[in-house]
Trainee: 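Have a look at the structure that comes next, please.
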Amino acid sequence: MAFQNDAKANFPDYANHGCVVGRHLNFEMYQRLFGKKTAHGVTVDKVIQPSVDNFGNCIGLIAGDEESYEVFKELFDAVINEKHKGFGPNDSQPAPDLDASKLVGGQFDEKYVKSCRIRTGRGIRGLCYPPSCTRGERREVERVITTALAGLSGDLSGTYYPLSKMTPEQENQLIADHFLFQKPTGHLMVNSASVRDWPDARGIWHNNEKTFLIWINEEDHMRVISMQKGGNVKAVFERFGRGLNAIAEQMKKNGREYMWNQRLGYLCACPSNLGTGLRASVHVQLHQLSKHPKFEDIVVALQLQKRGTGGEHTAAVDDVYDISNAARLKKSEREFVQLLIDGVKKLIDMEQALEAGKSIDDLIPA
C-alpha cells in the first residue's frame, strides 16, 4: 500500500491536543484536502504541522504560500472564523486606510504614555512564506526588501544589518536598542520549519532616527515597526503608513507587491495576523487604575489587550502596561489606531479621576 497517498493512514491524532485546528479538522475534511497542492507544492500536512507537534492551546495552522488560503479554504475559513470571533465566508475586510490625518486625538501626556509602537507584517506576492520557502526564495525576499529599503529617503533613510554578517559592535548596539530578534523557539516557528538555515537571509533594517524598523524573514517576509518615545500615537501612525507606502512604491519598480486579498486583506503566514496584521500599542502608567478590581474587565470592554512591558506573558513594571488593540481583522488600520486612542484616553480619564479621589463608576464601559 502506498501510505504516502492514503489519507486514512496519515490523518493526525488530535487526542489531548488543545489547538484550534484539532477542533475543526475531522477526517472527512482531511480526506477532501489530502490530495490538494498549491502551485508551490504546499500540502495540507505542511500547513497543519504546528498543530500536530503541539499539545497546548495554539492555532496550529500556518500558510505555506498565498495560495494556501484558497486551496485549503475549508480549513482556513473555519479557523479564521473562530480565531477572529466571527468572520464567515461572506465577510470581508474593509479597504486599507493609512491616513493619519483622519485620526482624532492621539497626543497623550507623557506623564502617562511613555512610548508608542505600531507594527504589522507583510508578505511578498509570488514567494513562499518562511515555513515553505527554499533558500533561494528566502534570499530573494531579502533582496527584494533590501533593494526597496535602499530607495527610501529623508527621515526613512537607514541601514540594513544582515544577521550573518553583523559585527559584534553592531550586534551589541542592536541588543541595547531592543531591536535584535533571535532565533525563535516558539511552536509556530520551529515546528513549521521557519527557522531552517538560520540565520541565512535574515536581518534587521532601521532608519537613522531609530523610529522605523524592519525585520526580514523572521515569522513573515517582513515585519514593519514604527515607534518613538512619548505619547504621540498620531506621529507614529503617520510614519508607519508613509513607510509602508514608500516601500510598496520602491518594490513596484521591480515588479513586486504585497500579498493582499480582496476578502481577507493583507496576508501573513499565521491566520491570526490577517486583515491589517496591525498591533498598535502604548506603554501607559496607571498607578491607581491598575489596582482597581475591574481593571481587567475595563480593558476587555474597550476591545483592548493588556500585557507587561516585556511582551506577552510578562508582568508590568512600576504599573506600566503595554495596551494594544485586541483584534487585527474587521476594521481598517486607521480604525484600529483610533480604537486604541479612544480607549487609552478613557483609561487615563479614569486614572486621573482616581488620583483626585473620585469614583469612576460612571466612566466604566458597559
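Given the structure is predicted, the values throughout are model-derived calculations rather than measurements. What's counted below: heavy atoms across the whole structure, side chains too, no hydrogens, waters or symmetry copies.
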Trainee: State which residues pass side chain to side chain donor-acceptor pair (under 3.5 Å) with K346; sequence neighbours excluded, sorted by chain then number.
Mentor: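 Testing K346 for side chain to side chain donor-acceptor pair (under 3.5 Å), a comparison that skips the adjacent residues, returns none.
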Trainee: Determine yes or no for a side-chain-to-main-chain donor-acceptor pair under 3.5 angstrom, with T120 supplying the side chain and T276 the backbone.
Mentor: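 Indeed, once roles are kept as given, a pair shorter than 3.5 Å links the two residues.
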Trainee: Is the shortest side-chain heavy-atom distance between H292 and L289 below 4.5 Å?
Mentor: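 H292 vs L289: side chains touch.
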Trainee: Under a 3.5 Å distance rule, please check whether D220 uses its side chain to pair with a backbone N or O of G121 as donor and acceptor.
Mentor: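 Checking the backbone N and O of G121 against the side chain of D220, no donor-acceptor pair under 3.5 Å is found.
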Trainee: Report, as yes or no, whether the 6.0 Å neighbourhood of atom CG on D362 holds more than 12 heavy atoms from other residues, nucleotides or ligands.
Mentor: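 Incorrect, the count does not exceed 12.
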Trainee: Say you draw a straight line from CG of L363 to CD of Q352; how long is it, rounded to the nearest 0.5 Å?
Mentor: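 These two atoms lie 10.5 Å from each other.
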Trainee: I'd like to know whether S157 forms a side chain to side chain donor-acceptor pair (under 3.5 Å) with N208, so could you lay out the CA-CA distance, the side-chain angles of the two residues, the decisive distance to 0.1 Å, and finally the verdict.
Mentor: CA-CA 6 Å; S157 298; N208 297 327; 5.1 Å; no
Trainee: Output side-chain donor-acceptor pairs under 3.5 Å for residues 144-153, partner residues at least two apart or in another chain, one line each.
Mentor:
unit_1: T146; atom_1: OG1; unit_2: E142; atom_2: O; d: 2.7
unit_1: T146; atom_1: OG1; unit_2: R143; atom_2: O; d: 3.3
unit_1: T147; atom_1: OG1; unit_2: R143; atom_2: O; d: 2.7

Trainee: Considering residues at least two apart in sequence or located in another chain, which fulfil the salt bridge (Lys or Arg N to Asp or Glu O under 4.0 Å) criterion with D200?
Mentor: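 Once residues adjacent in sequence are excluded, the partners of D200 under the salt bridge (Lys or Arg N to Asp or Glu O under 4.0 Å) criterion are R138, R139.
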Trainee: Does E257 form a salt bridge (Lys or Arg N to Asp or Glu O under 4.0 Å) with K252? I'd like the steps, not just the answer.
Mentor: CA-CA 6 Å; E257 62 183 356; K252 188 176 179 181; over 6 Å; no
Trainee: Under 4.5 Å between side-chain heavy atoms, hopping through other hydrophobics if needed: is there a path connecting W205 to L213?
Mentor: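 No, it is not one cluster - the side chains of W205 and L213 are not joined through contacts under 4.5 Å.
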Trainee: Side chain of N325, backbone of L278: donor and acceptor closer than 3.5 Å?
Mentor: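 Side chain of N325 to backbone of L278: a pair is present.
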Trainee: If you look at every heavy atom in N207 and D155, which pair is closest and at what distance?
Mentor: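 Closest heavy-atom pair between N207 and D155: ND2-O, 2.9 Å.
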Trainee: Partners of K102 by salt bridge (Lys or Arg N to Asp or Glu O under 4.0 Å), sequence neighbours excluded?
Mentor: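 Result, salt bridge (Lys or Arg N to Asp or Glu O under 4.0 Å) vs K102: D97.
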Trainee: Would you say that more than 12 heavy atoms from the other residues, nucleotides or ligands in this model lie under 6.0 Å from the NZ of K358, or not?
Mentor: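 Atom NZ in K358 is not crowded, with 12 or fewer foreign heavy atoms closer than 6.0 Å.
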Trainee: Output yes when E238 and K234 qualify as a salt bridge under the 4.0 Å nitrogen-oxygen rule, no when they do not.
Mentor: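 Salt bridge: no.
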Trainee: Could you tell me if N232 and Q228 have a donor-acceptor pair between their side chains, going purely by distance under 3.5 Å?
Mentor: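 The answer is no; no qualifying pair exists.
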Trainee: Apply side chain to side chain donor-acceptor pair (under 3.5 Å) to D342 and list each qualifying residue two or more places apart in sequence or on a separate chain.
Mentor: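 In terms of side chain to side chain donor-acceptor pair (under 3.5 Å), with neighbours along the sequence ignored, D342 is linked to Q338.
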Trainee: Kindly indicate, with the supporting measurements, whether the criterion side chain to side chain donor-acceptor pair (under 3.5 Å) is fulfilled by S51 and Y14.
Mentor: CA-CA 8 Å; S51 72; Y14 285 122; 2.7 Å; yes
Trainee: Among residues at least two apart in sequence or on other chains, which ones pass side-chain contact (heavy atoms from CB on, under 4.5 Å) with A78?
Mentor: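 Residues passing side-chain contact (heavy atoms from CB on, under 4.5 Å) with A78: H24.
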Trainee: Tell me every residue that passes salt bridge (Lys or Arg N to Asp or Glu O under 4.0 Å) with E137, counting only those two or more places apart in sequence or in another chain.
Mentor: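 Testing E137 for salt bridge (Lys or Arg N to Asp or Glu O under 4.0 Å), a comparison that skips the adjacent residues, returns none.
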Trainee: Are D99 and S101 close enough that a side-chain donor and a side-chain acceptor fall under 3.5 Å?
Mentor: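 There is such a pair between these side chains.
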Trainee: Quick one: do the Q285 and D318 side chains pair a donor with an acceptor below 3.5 Å?
Mentor: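 Per modelled atom types, Q285 and D318 side chains form a pair under 3.5 Å.
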Trainee: Compare every heavy atom of A95 with every heavy atom of S332, then report the nearest pair and how far apart it is.
Mentor: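 Nearest heavy atoms, S332 then A95: CB-O, 3.7 Å.
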Trainee: Would a single hydrophobic cluster contain both L286 and M350, if residues Ile, Leu, Val, Met, Phe, Trp and Tyr are joined by side-chain heavy-atom contacts under 4.5 Å?
Mentor: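 Linked within one cluster.
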Trainee: Taking only residues at least two apart or on different chains, which pairs with a member in residues 125-163 satisfy ring-ring contact (aromatic ring centres under 6.0 Å, His included)?
Mentor: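 Non-adjacent pairs meeting ring-ring contact (aromatic ring centres under 6.0 Å, His included): Y129-H221, Y161-H206.
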Trainee: What residues, two or more places apart in sequence or in another chain, satisfy side chain to side chain donor-acceptor pair (under 3.5 Å) together with K210?
Mentor: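 Checked K210 against side chain to side chain donor-acceptor pair (under 3.5 Å); matches are D177.
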Trainee: Rounded to the nearest 0.5 Å, what's the gap from CD1 on I204 to OG1 on T159? Could you check?
Mentor: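 If I round to the nearest 0.5 Å, the distance is 12.5 Å.
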Trainee: Applying ring-ring contact (aromatic ring centres under 6.0 Å, His included) as the test, list every pair that has at least one member in residues 87-120; sequence neighbours left out.
Mentor: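 Qualifying pairs, neighbours excluded: none.
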Trainee: Is V233 reachable from L244 through a run of I, L, V, M, F, W or Y residues, each pair having side-chain heavy atoms under 4.5 Å apart?
Mentor: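 Yes.
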Trainee: Would you say Y30's side chain and N10's backbone share a donor-acceptor pair under 3.5 angstrom?
Mentor: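 Yes: the side chain of Y30 pairs with the backbone of N10.
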Trainee: Please determine if K114 and E110 form a salt bridge, counting it only when a charged side-chain N lies under 4.0 Å from a carboxylate O.
Mentor: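 Answer for the salt bridge query: no.
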Trainee: Test: side-chain hydrogen bond (donor to acceptor under 3.5 Å, both in side chains). Region: residues 262-275. Which pairs qualify, not counting sequence neighbours?
Mentor: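 For residues 262-275, and leaving out neighbouring residues, the side-chain hydrogen bond (donor to acceptor under 3.5 Å, both in side chains) pairs sorted by first residue read D77-R263.
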Trainee: Between CG of L127 and OG of S132, what distance do you get to the nearest 0.5 Å?
Mentor: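 Going from the CG atom of L127 to the OG atom of S132 covers 12.5 Å.
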Trainee: Could you check whether F34 and F27 have their ring centres less than 6.0 Å apart?
Mentor: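 No; F34 has its ring centre 6.0 Å or more from that of F27.
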Trainee: Treating R334 as the side-chain partner and F237 as the backbone partner, does any N or O pair qualify as donor plus acceptor under 3.5 Å?
Mentor: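 Side chain of R334 to backbone of F237, a donor-acceptor pair under 3.5 Å: no, none is there.
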Trainee: Check A353 against S359 and note the closest heavy-atom contact, atom names and distance.
Mentor: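 Taking A353 first and S359 second, the nearest heavy atoms are CB-O, 4.4 Å.
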Trainee: Before you tell me yes or no, could you show the steps for K330 and D91 under salt bridge (Lys or Arg N to Asp or Glu O under 4.0 Å), namely the whole-Å CA-CA distance, both residues' side-chain angles and the distance that decides it to 0.1 Å?
Mentor: CA-CA 9 Å; K330 298 188 281 190; D91 292 323; over 6 Å; no
Trainee: Are the charged groups of R256 and E140 less than 4.0 angstrom apart, N to O?
Mentor: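 Yes, R256 and E140 are salt-bridged.
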Trainee: Closest heavy-atom contact between S68 and G64?
Mentor: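 Closest approach of S68 to G64: OG-N, 3.2 Å.
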Trainee: What's the separation between atom CD in E333 and atom CZ in R328, rounded to the nearest 0.5 Å?
Mentor: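 E333 CD to R328 CZ: 12.5 Å, rounded to 0.5 Å.
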Trainee: Within a reach of under 6.0 Å around NZ of K85, are more than 12 heavy atoms found that belong to other residues, nucleotides or ligands?
Mentor: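 Counting neighbours around NZ of K85, 12 or fewer heavy atoms of other residues, nucleotides or ligands fall under 6.0 Å, so no.
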Trainee: Starting at CD1 of I323, measure out to NE2 of H283 and round the result to the nearest 0.5 Å.
Mentor: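 If we round to the nearest 0.5 Å, I323:CD1 and H283:NE2 are 9.5 Å apart.
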Trainee: Should W260 and L329 be counted in the same cluster of Ile, Leu, Val, Met, Phe, Trp and Tyr side chains packed under 4.5 Å apart?
Mentor: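 No, it is not one cluster - the side chains of W260 and L329 are not joined through contacts under 4.5 Å.
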Trainee: Against the six-membered ring of F212, is R239 placed for a cation-pi contact (under 6.0 Å from the centre, within 45° of the normal)?
Mentor: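 Output no; distance or angle outside limits.
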Trainee: State plainly whether the residues E82 and R23 are in salt-bridge range, i.e. N to O under 4.0 Å.
Mentor: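 Salt bridge: yes.
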Trainee: Of the non-hydrogen atoms in I59 and C270, which two are nearest, and what is the gap between them?
Mentor: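 Looks like CD1-SG, 3.9 Å.
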Trainee: Heavy-atom count check: over 12 atoms from other residues, nucleotides or ligands less than 6.0 Å from R32 CZ?
Mentor: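 Above 12, so yes.
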Trainee: Indicate the atoms forming the closest heavy-atom contact of L163 with P199, along with that distance.
Mentor: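 Shortest heavy-atom contact: CB-CB, 3.7 Å.
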Trainee: Does K111 come within less than 4.0 Å of E355, counting only side-chain N to carboxylate O?
Mentor: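 Counted as a salt bridge, because a side-chain N and a carboxylate O are separated by less than 4.0 Å.
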Trainee: Would you please name every residue forming a side chain to side chain donor-acceptor pair (under 3.5 Å) with R279, sequence neighbours left out?
Mentor: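 Listed in chain order: D322, S324.
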Trainee: Quick one: does any side-chain atom of R202 pair with a main-chain N or O of N217 as donor and acceptor, under 3.5 Å?
Mentor: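 Yes; judged by distance alone, with no hydrogens or angles, the pair exists.
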Trainee: NZ/K331 to CG/L339 distance, rounded to the nearest 0.5 angstrom?
Mentor: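 Going from NZ on K331 over to CG on L339, the span is 6.0 Å.
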Trainee: Establish whether V71 and V21 are linked, either directly or via other cluster members, by ILVMFWY side-chain heavy-atom contacts under 4.5 Å.
Mentor: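 Same hydrophobic cluster.
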